[in-house]
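A quick note: this is a predicted structure, and the numbers were derived from the prediction, not measured. Every heavy atom of this structure was used, including side-chain atoms; hydrogens, water molecules and symmetry mates were not. Just follow the structure's listing: the first ligand is 1, and inside any ligand the first atom is 1.
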Amino acid sequence: MRPLEEQLYPSTPGKFKDKTYYSVNRQFHRCFASTSTMFLWALFLIALTASYLSFQSFMDSGTRYLSSTWGSLHWEKQVRDSAQIHRVNGMSVLVTGAAGFVGTHVSLALKKRGDGVVGLDNFNNYYDPSLKKARKNLLNSQNIFIVEGDINDARMLAKLFDIVAFTHVMHLAAQAGVRYAMENPQSYVHSNIAGLVTLLEACKNANPQPAIVWASSSSVYGLNEKVPFSESDRTDQPASLYAATKKAGEEITHTYNHIYGLSITGLRFFTVYGPWGRPDMAYFSFTRNILQGKPITIYRGKNRVDLARDFTYIDDIVKGCVGSLDTAGKSTGSGGKKRGPATYRIFNLGNTSPVTVPMMVGMLEKHLKVKAKKHTVDMLGNGDVPFTHANISSARKELGYKPTTDLQTGLRKFVRWYLSYYGYSQEKSVK
Ligand SMILES: O=C(O)[C@H]1O[C@H](OP(=O)(O)OP(=O)(O)OC[C@H]2O[C@@H](n3ccc(=O)[nH]c3=O)[C@H](O)[C@@H]2O)[C@H](O)[C@@H](O)[C@H]1O
């Protein structure tokens, strides 16, 4: 095989070269040849790096496609299909927190009557993610697609509004739980404040702008002592960071209504319970402990007064949510500019008949046919309020809201679901 310099610089036949010339020329050739070698190596390394990077991006898009996180064509099709409206004058609704307790029930109700529904959920591990996955499977079985993503992801939200002209957003994604706010305060700021603002920005920029219905909380009444709680009562004395972030949400949504013409309906939910509920809530964790023969801790208020809640059954809450969507006025803005005044509403969604926590435990004991091992302690200043009681006359008038399930009946339905979901028989303990 010819040396490299010969291949690059073939000798010209018939041309005389003296020795000096030859030696200088040879050194020059050698030097040039080693530069060429380096050049070739550099080319080789660049090619190697380029192919590595394109392989990485291929793997990336492959994973994205397979796991159905946002961005692929397949994902876009699933979103579009799920948003399809199947009734006259129907709506297409983006439901945030769709794999949550209330989100699941509202999504099912909307889909059932022919509305388009696209769910969004980040599947965080605040409580057992397998329950959220089970709810997701239930929604998928009804052709509701759930986007796995966070409301803090502005690009993903923009993409969703790009693909679908949502008429409504049912915003239920939030960090819930009153007492957990002392353990993980930042998670409340992340979801209930930052996430809310990111979502509102996306809604404001969308064309057309959707109308927004979102979950506030009875906890905004805080230390208010006037009973029952009316929407016009003071809400400036929150007892927990959770309550403070929900109150902040009411103010934040007001500014978006005022500046950008977004139609806003805030719903103050009162201790919602029922099948597919949240395992962190008292009625749910009490059920688990009672069945496992473990003690339950019952908090008691000042002067040994029992705590009471206006427990509200999920089906009633769903009716309130759907009624709010149906009566929500249109947003008036476009291209981020307000074109006229838009609706701003706040409603209590409660049951109007508070029940004490020990009475609620008594009902569970009856349905479970097991006695609870009760351990009563004085309330620890943990963010709890002594009682809640909703005045629902506004919701009744404006939304046709009329709760029909009392706590006894609702807990019976919950217990039936619980036993069947966990495949529980009285001998077997529930994981
Ligand atoms: O209406 C709301 O806006 C909120 O409702 C719910 O909060 P709460 O009303 O506090 O419900 P929940 O935790 O079930 O405690 C119920 C009762 O049991 C007492 N309780 C609780 C736990 C325990 O171990 N012992 C106990 O006595 C406790 O002291 C209380 O008196 C939602 O979780 C919240 O996300 C929000 O939506």
Side-chain angles (χ1 to χ4, degrees), residues 97 100-103 126-127 172-184 187-188 191-192 214-222 224 228-229 231 235 238-247 249-250 266-274 277-290 294-302 304-314 316-317 320-321 346-352 354-364 372-390 392 403 407 410-411 414:
F101 171 35
V102 180
Y126 168 58
Y127 60 79
L172 298 166
Q175 177 58 61
V178 174
R179 290 162 292 280
Y180 180 65
M182 293 168 76
E183 271 176 60
N184 189 358
S187 65
Y188 291 79
S191 295
N192 303 357
W214 74 285
S216 182
S217 159
S218 72
S219 65
V220 299
Y221 292 108
N224 176 46
F229 301 162
E231 288 85 347
T235 52
S240 66
L241 183 69
Y242 169 71
T245 59
K246 285 296 181 181
K247 172 66 180 165
E250 294 188 354
L267 302 175
R268 293 177 179 165
F269 294 162
F270 281 69
T271 314
V272 190
Y273 72 98
R278 275 173 34 210
D280 62 312
M281 289 184 68
Y283 74 96
F284 199 118
S285 65
F286 286 175
T287 299
R288 185 179 53 223
N289 281 15
I290 291 170
K294 291 182 183 165
I296 61 170
T297 304
I298 298 176
Y299 303 135
R300 191 170 48 194
K302 250 198 269 175
R304 311 188 130 222
V305 173
D306 289 332
L307 303 182
R309 289 289 178 273
D310 197 0
F311 295 100
T312 310
Y313 190 63
I314 183 64
D316 291 325
I317 289 290
C321 291
I346 291 205
F347 295 112
N348 285 341
L349 292 187
N351 188 253
T352 69
V355 175
T356 67
V357 175
M359 280 173 71
M360 179 264 278
V361 172
M363 293 176 193
L364 284 177
K373 292 177 183 152
K374 291 172 233 168
H375 174 54
T376 304
V377 299
D378 289 335
M379 200 167 65
L380 312 164
N382 54 7
D384 265 334
V385 292
F387 59 86
T388 61
H389 183 180
I392 56 162
L407 186 59
L411 283 180
F414 164 72

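The shortest side-chain heavy-atom distance between Val178 and Met281 does not fall under the 4.5 Å cut-off.
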List ligand 1's nitrogen or oxygen atoms that come under 3.5 Å of a protein nitrogen or oxygen, with the partner atom and distance.
residue, atom, partner, partner atom, Å
ligand 1, 1 (O), Ser218, OG, 2.7
ligand 1, 1 (O), Phe269, O, 3.1
ligand 1, 1 (O), Thr271, N, 2.8
ligand 1, 3 (O), Ser217, OG, 2.4
ligand 1, 3 (O), Ser218, N, 3.2
ligand 1, 3 (O), Ser218, OG, 3.3
ligand 1, 3 (O), Phe269, O, 3.2
ligand 1, 9 (O), Thr271, OG1, 2.8
ligand 1, 9 (O), Arg309, NE, 2.8
ligand 1, 13 (O), Arg179, NH2, 2.4
ligand 1, 14 (O), Ala282, N, 2.8
ligand 1, 24 (O), Thr297, O, 3.4
ligand 1, 25 (N), Thr297, O, 2.7
ligand 1, 27 (O), Tyr299, N, 2.9
ligand 1, 29 (O), Asp384, OD1, 3.4
ligand 1, 29 (O), Asp384, OD2, 2.6
ligand 1, 31 (O), Arg309, NH2, 3.4
ligand 1, 33 (O), Arg278, NH2, 2.9
ligand 1, 35 (O), Gly177, N, 3.1
ligand 1, 35 (O), Arg278, NH1, 3.2
ligand 1, 35 (O), Arg278, NH2, 3.2
ligand 1, 37 (O), Tyr242, OH, 3.4

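Ring orientation note: the planes of Phe229 and Phe270 are tilted relative to one another, at an angle of 30° to 60°.
Counting only N and O atoms by type, the side chains of Thr245 and Asn192 include a donor and acceptor under 3.5 Å apart.
Taking the six-membered ring for Trp and the full ring otherwise, the centers of Phe414 and Phe284 sit less than 6.0 Å from each other.
For Tyr127, there are no ring pair (Phe, Tyr, Trp, His ring centres under 6.0 Å) partners, not counting sequence neighbours.
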Check against ring pair (Phe, Tyr, Trp, His ring centres under 6.0 Å), Tyr180 and Tyr126 | CA-CA 9 Å; Tyr180 180 65; Tyr126 168 58; 4.8 Å; yes
